[in-house]
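Every chain is numbered from 1 and lettered A, B, ... according to where its sequence line falls, protein lines coming before strand lines.
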Number of protein chains: 2
Amino acid sequence: MPPTPPFQRVHRESTASVITRQLREGIMYGTLAPGTQLTESGLAAEFGVSRGPLREAMQRLVQEGIVRSEPNRGLFVKELDEDEIRDLYTARAAVETAAGRLIIRDDDGSAVTALRQACAAMQSAAETGELAALSDADLHFHEVLVTASGSRRLQRMHQTLMVETRMCLTALQGTYRAPEDQVAEHRRIAEAIAAGDLNELLQAVESHMYEALDRLLSTTEPA
Amino acid sequence: MPPTPPFQRVHRESTASVITRQLREGIMYGTLAPGTQLTESGLAAEFGVSRGPLREAMQRLVQEGIVRSEPNRGLFVKELDEDEIRDLYTARAAVETAAGRLIIRDDDGSAVTALRQACAAMQSAAETGELAALSDADLHFHEVLVTASGSRRLQRMHQTLMVETRMCLTALQGTYRAPEDQVAEHRRIAEAIAAGDLNELLQAVESHMYEALDRLLSTTEPA
DNA sequence: CATTTGCGGATTGTCAACAATCCTGCAATG
DNA sequence: CATTGCAGGATTGTTGACAATCCGCAAATG
C-alpha cells in the first residue's frame, strides 16, 4: 500500500442527513416554533425530494427527542414545559460534570488551555457588549468542555442536549443578566478542572445550571 | 362524558417501532452478531413488510448508535472494540452517578427501598447459583437506579447504554467472578445513596465500572 | 337543543418498481 | 506479473401511487 496517502476519504452525505441537519437547525433557531406540525408532503416539496428520505430524517429527529410523533396524526416540533427544561439542565449537569471529571483524570494540559481560551473569548464578547457573540461563546465553552473529555458517547448525548438548550434560549430571547457573572461562572468551572478539585467542579457546574434554570423559568409563565 | 370509562386508551404500536424493538433485541442477545450485515430486502421479507418501514427502523437504530451505516454499502451491526467499551462504561458511570446524586437530593425513601430490593434479588440469585438470573438482576439494579432518579433524559441515555452493555455481556459470556463480590459492589452503591454520601457514591460507581471493564477487557484479545 | 351519525378533506402508512451505486471476479493489456 | 478495464450481480437510494386512518363539520335524529 502507498505510505500514508495524503487524501482524506470522500464521503458524500446522504440526503436524509442533509435534511435532518437543516430541520434541526430550523428547530434550534426557532424558524420552526415548538408545536409546529411538520407535514411530510409539504416539507418534501420544499426540499425537492420524495417523502421517503424525508421520513427517514424525521425518524432521526424523533429518536433524538426534538420531534414528537403522534401516530396517524403527524409530527410536531416538541414543546418544552417547565419540567422538561428542568430535566434538560439536570442531564446537562450530568454530562458536563462527567466530562470535567474525565479531564481532571486524563488531561495533559491541552484541555485546560482550550477551556481558558473559551473563557477568554467570552470575556472579550462581554467587554464589547455583543450579546449574540457572548451567547455563542457560552455554548462554545460547553462544547469544548465535553469534546475535550474525549468520550464520544458523552459528546453525542451532549449534542442533543445542546440543541434543546438552544431551543430554550431562542424561545426566551431577552433574559439578560450581568455578562460579567456569566463569564465568572464558566471561569469557575474551568479553574476547578485546572485545579483538579472534584468537589469544586461539582458545585460549580451545579450552580451554573441552577442559575441558568432560574433565569429561564422566571420568564416563563408561572402557571 | 361517561364517568371514568374503565377502558384504557388503545395505542397501536407503529410497525417501525415493532421492527426496531425486535432488531434491537436480536442485537442485544447476540442473535445478530456484531459485524453482521443487515440487508434490507432480506429482513423485509422475514418481517413480512415492505422496505419502507424497515428502513425507518434502521434509521432509529443508527441514531441509537448500535447500527453502523456505510452509504451505498449497507447496514452493519456495530462492533465494539476496546476503546468503545471503555467509553461505554465511562458514559454509564456518568449517567448512573448523576442518577444517584438526584436520588440523594430528592428521594423520599422509595428509591432507596427499591434499590435495596434489587440488591436482595441479586443476593438470592447469587445464593441459588443461577448465573443468568444474577446477570438479569444486575442489569435490573442499574435500571432501577436510573428510573428512580426520575429524569427522563437520563433514562433514555441509559437505555441505549444498557443495550450496548448487554451486547458486551452476550459477546463475552463466561467471564465469571465471585457472585458475592458482585452483589457487594451494588450494595455499596445502594448504601452510599441511602447514606447520602456523595463522595462514597462517586467512588462506588467508579470502582464498579472499573471492575466490570477489567473483567471484560481481560478476556478480549489483548492485541 | 343536545347528541349522534355520516361524509369530506387531509395526512400518514405502506407498497412495489425503477435508478444509482458499489463490490467481485475475470479477462485484456503493458 | 501487476495493473487496468469491464461486465455481472447485488444492494441501497428514490420515487410516485395506493390504502388506511384520523379530524372537523354539518346534517339528521330524538
Side-chain angles (χ1 to χ4, degrees), chain A residues 1-3 5 7-23 26-27 32-64 66-79, chain B residues 1-5 7-23 26-27 32-33 35-64 66-79:
Chain A
M1 74 178 83
F7 299 113
Q8 51 181 327
R9 184 169 212 153
V10 322
H11 72 298
R12 256 171 328 193
E13 208 172 6
S14 80
T15 310
S17 294
V18 177
I19 297 177
T20 304
R21 189 156 31 79
Q22 298 221 23
L23 287 176
I27 294 175
L32 300 168
T36 308
Q37 178 164 15
L38 303 172
T39 49
E40 295 180 0
S41 44
L43 288 177
E46 281 192 49
F47 281 109
V49 295
S50 175
R51 274 179 53 213
L54 193 126
R55 274 180 76 93
E56 288 182 20
M58 288 308 198
Q59 290 299 328
R60 297 196 193 185
L61 294 176
V62 168
Q63 222 282 340
E64 272 184 40
I66 60 180
V67 164
R68 170 175 48 92
S69 163
E70 292 189 16
N72 287 317
R73 290 262 314 162
L75 299 147
F76 303 86
V77 179
K78 193 166 179 186
E79 345 189 12
Chain B
M1 73 177 86
T4 320
F7 300 112
Q8 51 180 327
R9 181 167 210 154
V10 323
H11 73 297
R12 257 169 329 187
E13 208 173 6
S14 81
T15 311
S17 294
V18 177
I19 297 178
T20 304
R21 189 155 33 79
Q22 298 222 22
L23 286 176
I27 294 175
L32 300 167
T36 308
Q37 178 165 13
L38 304 172
T39 50
E40 296 180 359
S41 45
L43 288 177
E46 281 192 51
F47 282 109
V49 297
S50 174
R51 276 179 52 211
L54 193 126
R55 275 180 75 93
E56 287 182 21
M58 288 307 198
Q59 290 299 328
R60 298 196 193 185
L61 295 176
V62 168
Q63 221 283 340
E64 273 184 39
I66 59 179
V67 165
R68 169 175 49 90
S69 163
E70 292 189 15
N72 286 318
R73 291 259 316 163
L75 299 147
F76 303 86
V77 179
K78 193 165 178 187
E79 347 190 11

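- Closest approach to the A:Arg73 side chain among D:dC23, C:dT12, C:dT21 is made by D:dC23 (side chain taken as heavy atoms from C-beta onward).
- Between the C1' atom of C:dT14 and the CZ atom of B:Phe47 lies a distance of 16 Å, rounded to the nearest Å.
- If you measure from atom CD of A:Gln59 to atom C1' of C:dT14, you get 13 Å, rounded to the nearest angstrom.
- Checked against D:dT14, D:dT12, C:dG13, the side chain of B:Asn72 finds its nearest nucleotide in D:dT12.
- Summarising the geometry, the separation between CZ on B:Phe76 and C1' on C:dC23 is reported as 11 Å, rounded to the nearest angstrom.
- The side chain of B:Arg51 sits closest to D:dT12 out of C:dT11, D:dT12, C:dG13.
- Interatomic distance, CG of A:Leu43 versus CZ of A:Arg55, reported as 12.5 Å (0.5 Å rounding).
- Each of D:dT14, C:dT11, D:dT12 was ranked by its minimum atom distance to the side chain of B:Thr39; first place goes to D:dT12.
- Counting to the nearest Å, the C1' atom of C:dT12 and the CZ atom of A:Arg68 are 15 Å from each other.
- Contact annotation for A:Leu54: no contact, since no heavy-atom pair falls under 4.0 Å across all strands.
- Between B:Glu40 atom CD and C:dC18 atom P the separation is 18 Å, expressed in whole Å.
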Criterion side-chain contact (heavy atoms from CB on, under 4.5 Å) on A:Ile66 and A:Leu23, from CA distance to verdict: CA-CA 10 Å; A:Ile66 60 180; A:Leu23 287 176; over 6 Å; no
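- Checked against D:dT11, D:dT14, D:dC22, the side chain of A:Ser50 finds its nearest nucleotide in D:dT14.
- We find that CD of A:Glu70 is positioned 18 Å from P of D:dT21, with the value rounded to whole Å.
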B:Ser17/B:Arg60 under side-chain contact (heavy atoms from CB on, under 4.5 Å): CA gap, chis, key distance, verdict: CA-CA 9 Å; B:Ser17 294; B:Arg60 298 196 193 185; 3.1 Å; yes
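- Each of D:dT12, D:dC22, C:dT12 was ranked by its minimum atom distance to the side chain of A:Arg55; first place goes to C:dT12.
- Among the heavy atoms of the strands lying under 4.0 Å from B:Gly74 are primed sugar atoms or P, OP1, OP2 only; no base atom is included.
- Here the nucleotide nearest the side chain of A:Pro53, chosen from D:dT14, D:dT12, C:dG13, is D:dT14.
- In this structure, A:Pro71 and A:Val49 both approach DNA chain D, and ranking their closest nucleotides by distance from the 5' end singles out A:Val49.
- At least one donor-acceptor pair closer than 3.5 Å links the side chain of A:Gln37 to the backbone N or O of A:Arg73.
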side-chain contact (heavy atoms from CB on, under 4.5 Å) assessment of A:Glu40 paired with A:Leu75: CA-CA 8 Å; A:Glu40 295 180 0; A:Leu75 299 147; 4.1 Å; yes
